[in-house]
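Each chain gets a letter, A, B and so on, in the order the sequences are listed, and its residues count up from 1.
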Protein chains: 2
Amino acid sequence: MALIKRNTWQREAVRKALASSPSFVSAQQLHAKLESAGSAIGLATVYRALASLAEMNEVDCLNSPEGEQLYRSCASGHHHHHLICRSCGKAVELEADTVEKWTAAVAKQHGFTEVSHVVDMFGTCAECSASSE
Amino acid sequence: MALIKRNTWQREAVRKALASSPSFVSAQQLHAKLESAGSAIGLATVYRALASLAEMNEVDCLNSPEGEQLYRSCASGHHHHHLICRSCGKAVELEADTVEKWTAAVAKQHGFTEVSHVVDMFGTCAECSASSE
DNA sequence: TTCTTATTGAGAACTCATCTCAATATAGGC
DNA sequence: GCCTATATTGAGATGAGTTCTCAATAAGAA
């Protein structure tokens with residue numbers, strides 16, 4: 001009963017636009033970027049493409065402090081966290097064995113199961129804090 | 001130029017309703033609870049009260065995976081994190097020196113300043129996973 | 001009590017995101 | 001290459017959550 005996936009230029013355009021951005025971007029930003037680059041792509045399609053890419057683990061997805069969903073293409077398939085610049089969106093991928101172990105231990109200790117965790121850091125990167133002076 | 005804060009029964013009602021709930025609740029849930037308890041309080045007022053209490057650090061505030069803002073009254077004034085039950089909203093407060101040190105070190109290492117971090121865990125608590133069987 | 005003005009509340013407005021459904025375009029079969 | 005079934009698209013409607021507007025209200029000082 002699995003749906004057959006078709007390849008459309010829209011999905012590919014989203015993938016490329018994401019790949020060309022080192023920063024986390026919102027679906028709306030991505031849509032604007034694509035439109036201004038000449039692609040007549042619909043906003044709904046961008047959302048759908050992002051959701052499908054996220055499900056395939058081709059992109060990282062996180063919630064900004066403002067409540068928006070942010071996306072970034074992600075080559076490394078394994079679990080990791082981010083340090084994100086509030087100003088320019090630039091992100092550093094973080095390995096965090098320490099944190100993984102800590103969360104697992106704490107969850108077990110309190111009898112919680114099916115535990116997922118959100119570990120993200122937001123700050124101002126060196127370039128942005130330099131340029132704002 | 002500081003605004004003078006006035007004490008209203010509405011703000012107090014929100015504070016009490018929050019204090020009586022051991023779980024994280026959304027603004028809307030809190031409003032429904034207050035209304036069903038007989039308080040003719042406006043939704044906008046609940047949002048404003050929560051925002052102002054959050055600013056005074058009287059309540060904890062976090063984003064649920066679904067993108068809602070959740071609130072819980074918080075006596076302990078110091079920084080901490082949570083392990084929250086997806087099903088009933090029950091939360092365990094977590095001390096995490098390990099994590100604090102790790103985030104500080106990582107931020108410094110990458111030249112980020114004014115760093116805040118989000119560390120929250122969502123799972124199913126022992127009671128909820130037992131009652132769902 | 002009176003006056004100033006912070007606060008309230010009903011609804012409008014806003015944002016982000018998802019859904020609807022007719023039109024389109026892809027991929028497999030001929 | 002052409003046809004056909006159907007996955008996908010896109011414009012706009014819809015929905016959820018939150019904030020804003022502004023006239024009416026009420027807290028606190030004089």
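Between A:Phe24 and A:His82, the ring-plane angle classifies as perpendicular under the 30° and 60° cut-offs.
Residues passing the ring pair (Phe, Tyr, Trp, His ring centres under 6.0 Å) test with B:His31, sequence neighbours excluded: none.
The C1' atoms of five pairs define one axis at each end of the helix from C:dT1-D:dA30 to C:dC30-D:dG1, and these two axes lie 30° apart (to 10°).
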Contact letters for nucleotides 25-30 of chain C, in which S counts primed atoms plus P, OP1 and OP2 and B counts the base, heavy atoms under 4.0 Å: BBS---

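A salt bridge links A:Lys90 with A:Glu127: the distance from a Lys NZ or Arg NE/NH1/NH2 to an Asp or Glu carboxylate oxygen falls below 4.0 Å.
In this structure, the CG atom of B:Leu43 is 15 Å from the C1' atom of C:dC14, given to the nearest Å.
Using a 4.0 Å cut-off, no side-chain N or O of A:Tyr47 falls inside it from OP1 or OP2 of C:dT18. Within the structure, every side-chain polar atom (N or O) of B:Thr45 is placed at least 4.0 Å from both OP1 and OP2 of C:dT8.
For the residue pair B:Lys33 / B:Ser21, no side-chain donor-acceptor distance below 3.5 Å is found, with atom types taken as modelled.
Using a 4.0 Å heavy-atom cutoff across all strands shown, A:Ala51 reaches no nucleic acid atom at all. B:Gln28 comes within contact range of at least one nucleobase, with a heavy-atom separation under 4.0 Å. Heavy atoms of B:Arg48 sit under 4.0 angstrom from at least one base atom. Note on B:Ile41: only backbone sugar-phosphate atoms sit closer than 4.0 angstrom, heavy atoms only; bases stay farther off.
Both A:Phe112 and A:Val106 are assigned to one and the same hydrophobic cluster, defined by single-linkage of ILVMFWY side chains at heavy-atom distances under 4.5 Å.
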